[in-house]
Every structure is written in structure tokens, then in C-alpha cells.
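By convention in this document, chain letters (A, B, ...) are assigned in the order of the sequence lines, proteins followed by strands, and residues within each chain are numbered from 1. Everything numeric in this text was worked out from a predicted model, so none of it was measured.
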Protein chains: 2
Amino acid sequence: MNVTIKDVALKAGVSIATVSLVVNNNNRISSETRKKVLKTIKALNYYPSRSARDLVSKKTGNIGFILTDDHFLRTEPFYTKIFLGAEFEAREGEYYILLTTVKADFTASDPLPRFIRDKSVDGIIIAGKVPPKLIEKLGNNSMPVVVVDYQMENKNYSHILIDNIHGGILATEHLIQNGHKKIGFIGGDINHPSIYERLNGFNKAHERANIIPDNNRIKTNTGYPDRQNGYNLARELFTSNKNITGVFACNDAMAIGVMHYLKDNNYKIPQDVSLVGFDDVEADLLLDPPLTTVRVPKIELGAEAFRVLVSQLKNNKIQPKKILVPVEILVRNSTKKIQ
Amino acid sequence: MNVTIKDVALKAGVSIATVSLVVNNNNRISSETRKKVLKTIKALNYYPSRSARDLVSKKTGNIGFILTDDHFLRTEPFYTKIFLGAEFEAREGEYYILLTTVKADFTASDPLPRFIRDKSVDGIIIAGKVPPKLIEKLGNNSMPVVVVDYQMENKNYSHILIDNIHGGILATEHLIQNGHKKIGFIGGDINHPSIYERLNGFNKAHERANIIPDNNRIKTNTGYPDRQNGYNLARELFTSNKNITGVFACNDAMAIGVMHYLKDNNYKIPQDVSLVGFDDVEADLLLDPPLTTVRVPKIELGAEAFRVLVSQLKNNKIQPKKILVPVEILVRNSTKKIQ
DNA sequence: ATGAAAGCGCTAACAT
DNA sequence: ATGTTAGCGCTTTCAT
């Protein structure tokens, strides 16, 4: 470190306490003194030492961001955008974000992320499916936790959630309003709350339109919701069902798998089958046709998670919140009206 | 913080200096004392305070990882894997990694990443194309810098580089050995050192085989090397050239664009055209056919960058290194032998 | 409104 | 081989 609080105090002709108060926006300082101090801070290009600060305040100024490796390395930059949203927001605040991954199949014997063990963070953001054993192991820990895009029961954690039910309704209603009645649902693991809720929306939309959805058209399994899995489930769906005209895939990755399956089997999109995805990760993907999907504001999810976490840190009474982030349908060319 | 060095000293019946020496693996301590201290450290679950440590040592224990936003948000997890390699390695060491993005068109008036301004990192890793203005602005700074996957001239920075020339040779020789003579090259910005070198390898392989490459078959532009751009350049290539039988695309993203173009224009891969990419990002992409490509060890690139940076931090004489990481060709089904 | 001074938890001389 | 002690740069009472 170069220039310290002492240098500033000396140059400005005040005590270090005064400098400290100015730096921390304490209003007990006269505006002249403040101005003077601020000026010499600029002149000297002074930045307070984080470590000295942290040592006194018993904070770290860091927040930890945990992602499972499969999420971080997803082909589509879904979770990286959520991270970036948090990082953008952290730049405004006084925080740094430490990103780490844990294995998706985290077991009780795996160590907790290092920043938790050695208390290098003041709080934690976890995005996407959280390994249950991780939560268990985290249980003893007193750090505030915000969970993004994953729902957990009766926990003292705040949640930033996608409005999945409404998204499912939007996607399905769009299909129904375009005349589709025999609609398939392609999901991943139905035990994943997001997928469960999207299916829920799927059913609700049918109900509202007085259509009975056929359970045989609902295809899920316990695999990771990626393209390959979408392909496989599309095969299941179309070999056991004739005359399906619309498909709602629970995310864009699976929708792309469905596209591949349909092309391989000489179905035309949207002439033969209309297809709706979820997430909106298609930019730069060069899909043909462009995919109608439900847009999820990924940057906003991350930013909101950061804000909620910091507000809990500041108020240090942890009042768990649950925030639903709205979604919208983006109609592109993978869906069309039928008579 | 909870348990401090004092608690450990007290419980173990030694001085805090002794505890400190044990923690820092100083060999001036008798093995009995060491054992005793280590035991009570375990018992008390003691972790040294980073901030206290950093305050004394004038280090931060952090290293900064800079990526341009377009790279971080690339569809294929290329740079995120490089980051992860660094992060894996940091877990072994005593470091944390702060990840931030800068705009790809960073200008002189954009602020440097915050962790540089307030000196919250001991060193920096930059991956991928580095905005020139960033480097200029970084000039005054004394922090060691390691650059991954991008070449800069006459700078005191260490480099971890892909062996692009050899990769270009491998890709092209594979085509040539399979009987191809009229081979196209699809690149992005030829001023990007990696692309320049891959083209270099392309030419070298032709030379070795005594084939004169036709400049009209080399298509580059200044755009970002993504799928769309690959598509566009493929159109250029195939409309101005007949009977091309092989294409080397300078990365997988562009190769995918080429694939799309070929499919849209009723070329069969590999029956009509053999296609080779570069990077190996295809896992989970569901390409048809699977792409022959040059594999780049992304995790290893990041890990190596971290190692080099830390070794410079430790030796604090900055001896800039240049490390070439080898590549290999992965033959899949997008290439075939012609007579 | 400002300053003096204690102390956060640790490392590194220096002493023993 | 181990202990004593002086800071590192800051925040925060407590005085003034």
C-alpha cells in the first residue's frame, strides 16, 4: 500500500479520525473540512485499505457466489448472466464477489467452499439447483444466504425466483390461442421446483381454456435438462403420441433438442409443430427457426439477489424475503396459428 | 471473527508468535510444539484472519481475472472453463479470484476495474482479446499480469498461449491427408494473433504438402468469430468458389455457422464437404455430425496462468515467461477421406 | 466539530 | 526453540 489515512490527515491538516469520518460520510464533519479532506484524498489518490478496514469492522466486504459446475459450464450463458448481474451491482457497492463452483452431486464428505470455511465472505448467493447436502452442511453457518432461481422449503433464506407458473401459463396460452389443443410438455426433473411450476402453469392454462391435458403428453425424467435430454424426451413424446401440434419445452436447451428431433424426423417447425421454449438464451445461437420463448431477465435476477443480500447485511436482522421476478413471452417464428 | 490466534496460544500454552510460526510452516518450531499447536488449532477450528494477515503483509491474497463481456457471455463455455481452471488452482493456494468483465470496446475514459483502482488484488490474469486501451491504462500499474490466449508485443507480461500454429497445421494436414486439395479457411479478425497463427499453420501445412493455397479461399473479416459470422463467411466462400471439398474454421463457433450454411444449401457433411473446427467446445452441443476439431485444454490454460502468476508474486522479480500449451486433433465425423 | 488513543488479529524483528 | 513487542491502517469510543 502506498498512501494511507495518515498521509491524507497530514496533508489536509486534520486528524486521521476526521479523515475516517469523511470517508465514511459521517455528517458530524463541517462541510468545509469535508471539502478540504475530499480534495486531498483526490490529490493523493487515496483509497482506504480494505484489510485494515475489514480488520476493525469484522467484515470482509466479500460475498460468495456458489454455482454447481454443470450450471456454470452450461452451454448457454444463463447462470453466467445471473452472476454478471450480481457483479454489476457489486461494483456500485463496496463489495467483491467470490465465485466458486461445487459439484452438482455434492456429498456430505465434500468440503464446504473455502470462503465459507475461513469466513472470507459476509454472505452467500446460491444460484440454480442447490445440492441438498450443501444446504445441510451450511445449516450450522450463520451467514445470510440468498437463493436465486431455486426454491427451498422452510428455510431462513431469501429467494429470488422466476415467476415460473405465470411463464408456463404464458407459453401454453400462446399455443392455445393459436389453435393448438394437443400440446406436449417436455420437462427435466419434475422434482425441480422450477419445472414443477412450469408444468403447473401448463396445466392451469389448459384448465382456463377448458382443455383436459393428456398426461401421456407430459414427458419428464430425472436427467439434466439439456439438449440431449430434450431430444430423447421428444422421441418419447412423438413415438407414443400422434397428431401433437404444439410443444412447450421447459427450457430453451431442451427446446433445441426437440428441434433437432423434429428435423431428424421430417417435421417442419412451425408448419407441423409449434414449439415454445423458456429462458431466452437464443441470441447468437443461430436457431432456425428463431424460437418463441419465455424471456427471463437474468441480469436482473442476479442484481436483485445482490441487493437483497446486502440489505440483510446492513440491517443485520435477517428477514427472509421471497421476490418473484416477472417474465414475458417473446413470440418468434417457431410457433404459428392453426385453423 | 470468533477464535483468534490468542485463543489458540492460550489453550496450547504457547505464545502467539509460536502459533503464527506453526501456521506459516516455519521450521524453527520443535515438532512436539508444532503437533500440540496443530491439535488445538483443529480443536478450536481456528482459521487465521485474512484481513489481519493481509494488513501486516501488505498483500491481499486476491488475484483479479479480467474478461471482456463478449467473451464471458460466449455461447460456448470456453473462457468460463479457463476461469474455472484458475479457480481450481487458487483453491489449492491461499488465493481468491475476483472475476470482472470489461467492455470489449473499452475506451480510455472507461474506469479500470475497481479491484485495480483500490488495489484489492496482488496480480491480474487477462484472458482472450485484451482491449488495447485497457493495456495502455494499465501501463502505470506495477502489478504482475499474466495474459491467457492472447499475444501482446514487447510487454512485461507473461503469456499462456495455445499452440495455434501447430493446431492450424494439425487441422489442415488432417484434411490434406484425407485427400483434400481445395481447402477453405474461415477466420474472424486476421489481426487477432490467434487467428493469424492458425492461418499461418494452414499455409504451412499446404507448403509442406506442396500445395499452393488459393487466397480466394481464405475468408476473414473484422467481426466477432461467432456462428453468425461463420455463416456469413461460408456464404462468401462457397459463392465465390466451386468445388471446395474441405473447410478449416478457426474456431468451433464459426464451424457451426459453416455447418448451418452447408445444410441450408444442401451440402452434405462430410460427403460433400469435410469440416474442421478449433477449440473443442462441442460437448453438449448436439452437433450433427460431430465435429472434427483441435482440442484446446481450457482448464489447463487457466491453471497454468494462475501458477505462473503466483510464482511471480512469490519471487517478486518479474521474469516474464511465455508458455505454449500443446493441442491435439480430435477426429470425429465431420471429415472423411476422398479419393 | 474535531482529536487522542485504544485496539482489531496478525507477522516479524529482536530478545531470551 | 520460544516469547515479547512493535506496528500494519483503520474505526470508534471518549474527550475536548
J.: How many Å lie between CG on A/Asp54 and C1' on C/dG7, as a whole number?
T.: 16 Å
J.: Measure from CD1 on B/Ile29 to C1' on C/dA12 and round the result to the nearest Å.
T.: 13 Å
J.: Would you please test B/Glu94 and B/Arg53 for salt bridge (Lys or Arg N to Asp or Glu O under 4.0 Å) and show each step?
T.: CA-CA 12 Å; B/Glu94 299 275 79; B/Arg53 225 175 208 192; 3.3 Å; yes
J.: Distance check: side-chain N/O of A/Thr33 vs OP1/OP2 of C/dT2, anything under 4.0 Å?
T.: yes
J.: Over how many whole Å does the gap from B/Asp7 atom CG to C/dG9 atom P extend?
T.: 8 Å
J.: Dump the intermediate steps for side chain to side chain contact (heavy atoms under 4.5 Å, CB included) on A/Ile82 and A/Phe65, then the final yes or no.
T.: CA-CA 10 Å; A/Ile82 293 181; A/Phe65 195 105; 4.1 Å; yes
J.: Using whole Å, report how far NZ of A/Lys119 lies from C1' of C/dG9.
T.: 15 Å
J.: Starting at the 5' end of DNA chain D, which residue's closest nucleotide do you reach first, B/Asn27 or B/Leu55?
T.: B/Asn27
J.: Using a 4.0 Å heavy-atom cut-off, write out nucleotides 11-16 of chain D from 5' to 3' as B (base contacted by protein), S (sugar-phosphate only) or - (no contact).
T.: BB-B--
J.: In whole angstrom, what separates B/Asn2's CG from C/dC8's P?
T.: 14 Å
J.: Describe the nucleic acid contact of A/Ser51 in one word from base, sugar-phosphate, nothing, applying a heavy-atom distance below 4.0 Å.
T.: nothing
J.: Using the test side chain to side chain donor-acceptor pair (under 3.5 Å), find all partners of B/Arg114 that sit at least two apart in sequence or belong to another chain.
T.: none
J.: Does D/dG3 have its OP1 or OP2 closer than 4.0 Å to a side-chain nitrogen or oxygen of B/Ser15?
T.: yes
J.: Side-chain N or O of B/Ser30 less than 4.0 angstrom from OP1 or OP2 on D/dT2?
T.: yes
J.: Before you tell me yes or no, could you show the steps for A/Glu92 and A/Arg307 under salt bridge (Lys or Arg N to Asp or Glu O under 4.0 Å), namely the whole-Å CA-CA distance, both residues' side-chain angles and the distance that decides it to 0.1 Å?
T.: CA-CA 11 Å; A/Glu92 309 300 313; A/Arg307 276 181 232 121; over 6 Å; no
J.: What is the separation between atom NZ on B/Lys58 and atom P on C/dA12, rounded to the nearest whole Å?
T.: 12 Å
J.: Check whether any side-chain N or O of B/Tyr96 sits under 3.5 Å from a backbone N or O of B/Gly61 as a donor-acceptor pair, and report yes or no.
T.: no
J.: Could you state the CD1-C1' distance from A/Ile41 to D/dG9, rounded to the nearest angstrom?
T.: 14 Å
J.: For A/Phe78, does the six-membered ring have the charged nitrogen or CZ of A/Arg74 within the cation-pi criterion, i.e. under 6.0 angstrom from the centroid and within 45° of the normal?
T.: yes
J.: Specify the separation, in whole Å, of atom OH of B/Tyr47 and atom C1' of C/dC10.
T.: 18 Å
J.: Can you confirm whether A/Ser311 sits close enough to A/Lys321 that some side-chain heavy atom of one is under 4.5 Å from a side-chain heavy atom of the other?
T.: yes
